[in-house]
Amino acid sequence: MIVVNDRRQTPRETTRRRTPRLLINRNVQLYIHPPSVPSGSSESPRLLFGYTHDLSAIGLSITLPALDCSVQDLFGMEEPLDVIIGTTPELIRVKASPVHCETTSTLLPVESACIGLLIDEQDDGYQMYLKYLREFQ
């Protein structure tokens with residue numbers, strides 16, 4: 001179930017993850033591919049910028065400070081999102097699906113949001129992601 005709520009009015013539960021969270025702040029880019037785009041279409045992926053709030057072995061949470069689409073658009077995707085995490089000296093690329101969202105505004109359009117993402121463990125970038133996390137443990 002996907003939850004969308006106002007993070008100012010709901011206390012964050014700190015024990016719901018199966019793996020420990022590491023508070024790591026890194027730049028992140030999300031590529032949202034349009035659903036069922038016919039071949040030859042000029043429609044390209046939407047790009048959102050944000051930063052990580054925390055990382056764990058199975059997922060991450062990111063803050064999108066300038067959300068220019070509906071939060072529900074993120075959850076209606078047929079394919080996982082492409083997530084690029086800016087680390088030094090290289091970039092980590094993983095596929096992840098949104099599972100939780102907390103908005104920072106009750107007004108529409110939403111100004112910013114904190115999105116919880118579940119990482120696809122079958123993705124090629126997952127092993128690089130785990131290697132990066134081990135540096136902080």
Side-chain angles (χ1 to χ4, degrees):
M1 176 201 272
I2 298 166
V3 179
V4 178
N5 61 14
D6 183 345
R7 73 183 304 180
R8 295 172 300 170
Q9 298 173 6
T10 306
R12 288 186 72 149
E13 199 177 314
T14 57
T15 59
R16 70 177 184 265
R17 287 205 184 156
R18 292 176 282 166
T19 58
R21 299 175 184 200
L22 300 170
L23 297 175
I24 301 171
N25 185 297
R26 297 290 179 260
N27 290 329
V28 68
Q29 298 173 1
L30 287 181
Y31 287 91
I32 303 172
H33 297 281
S36 306
V37 175
S39 61
S41 172
S42 62
E43 194 171 351
S44 60
R46 170 182 246 145
L47 177 61
L48 300 175
F49 295 95
Y51 52 90
T52 62
H53 179 267
D54 59 50
L55 307 174
S56 75
I58 59 173
L60 66 155
S61 70
I62 61 168
T63 299
L64 300 171
L67 193 60
D68 67 349
C69 65
S70 163
V71 170
Q72 295 302 332
D73 288 348
L74 298 174
F75 296 101
M77 304 271 84
E78 295 174 8
E79 297 181 22
L81 305 173
D82 288 322
V83 181
I84 300 176
I85 304 167
T87 62
T88 304
E90 52 197 19
L91 299 174
I92 296 175
R93 301 169 192 264
V94 293
K95 300 262 188 199
S97 300
V99 293
H100 182 80
C101 178
E102 295 176 348
T103 61
T104 56
S105 170
T106 57
L107 303 174
L108 293 176
V110 172
E111 295 171 356
S112 65
C114 183
I115 310 275
L117 299 167
L118 181 63
I119 295 177
D120 179 0
E121 296 177 9
Q122 304 302 315
D123 184 57
D124 294 339
Y126 182 66
Q127 292 304 318
M128 182 183 281
Y129 176 80
L130 288 179
K131 181 180 175 186
Y132 178 71
L133 287 183
R134 281 192 286 274
E135 294 176 17
F136 295 94
Q137 294 176 337

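- Considering all non-hydrogen atoms of both residues, Ile92 and Tyr132 come closest at CD1-CB, 3.5 Å.
- When the options Leu48, Val83, Leu47 are evaluated for a side-chain contact (heavy atoms from CB on, under 4.5 Å) with Tyr31, the one that passes is Leu47.
- At least one donor-acceptor pair closer than 3.5 Å links the side chain of Thr52 to the backbone N or O of Arg26.
- For the residue pair Ala96 and Leu117, the shortest heavy atom distance occurs at CB-CB, 3.8 Å.
- With rounding to the nearest 0.5 Å, the separation of SG in Cys114 from CG in Asp54 is 7.5 Å.
- Note on residues 84-96: pairs passing salt bridge (Lys or Arg N to Asp or Glu O under 4.0 Å), not counting sequence neighbours, are Asp82-Lys95.
- Considering only residues two or more places apart in sequence or on other chains, Leu22 meets the side-chain contact (heavy atoms from CB on, under 4.5 Å) condition with Ile24, Leu133, Phe136, Gln137.
- For the pair Ser56 and Pro20, the tightest heavy-atom approach, listed with the atom from each and the gap, is CB-O, 3.3 Å.
- Here Asn27 contributes atom CG and Thr87 contributes atom OG1; the two are 10.5 Å apart, rounded to the nearest 0.5 Å.
- Between the NE2 atom of His100 and the CG atom of Leu118 there is a distance of 13.5 Å, given to the nearest 0.5 Å.
- Contacts classified as side-chain hydrogen bond (donor to acceptor under 3.5 Å, both in side chains) and involving residues 115-129 (residues at least two apart or in different chains) are not found.
- Note: Arg21 CZ to Ile58 CD1 = 10.0 Å, rounded to the nearest 0.5 Å.
- In terms of the side-chain hydrogen bond (donor to acceptor under 3.5 Å, both in side chains) criterion, Tyr51 has no residue partners (sequence neighbours excluded).
- Residues Ile115 and Leu30 are not in side-chain contact: their nearest non-hydrogen atoms beyond the backbone lie 4.5 Å or more apart.
- Listed here is the closest heavy atom pair of Gly86 and Leu91: CA-CD2, 3.7 Å.
- Shown here for Ile119 and Gly59, the closest heavy-atom pair between the two residues is CG1-CA, 4.0 Å.
- Annotation: the span from Ile84 atom CD1 to Phe49 atom CZ amounts to 9.5 Å, rounded to 0.5 Å.
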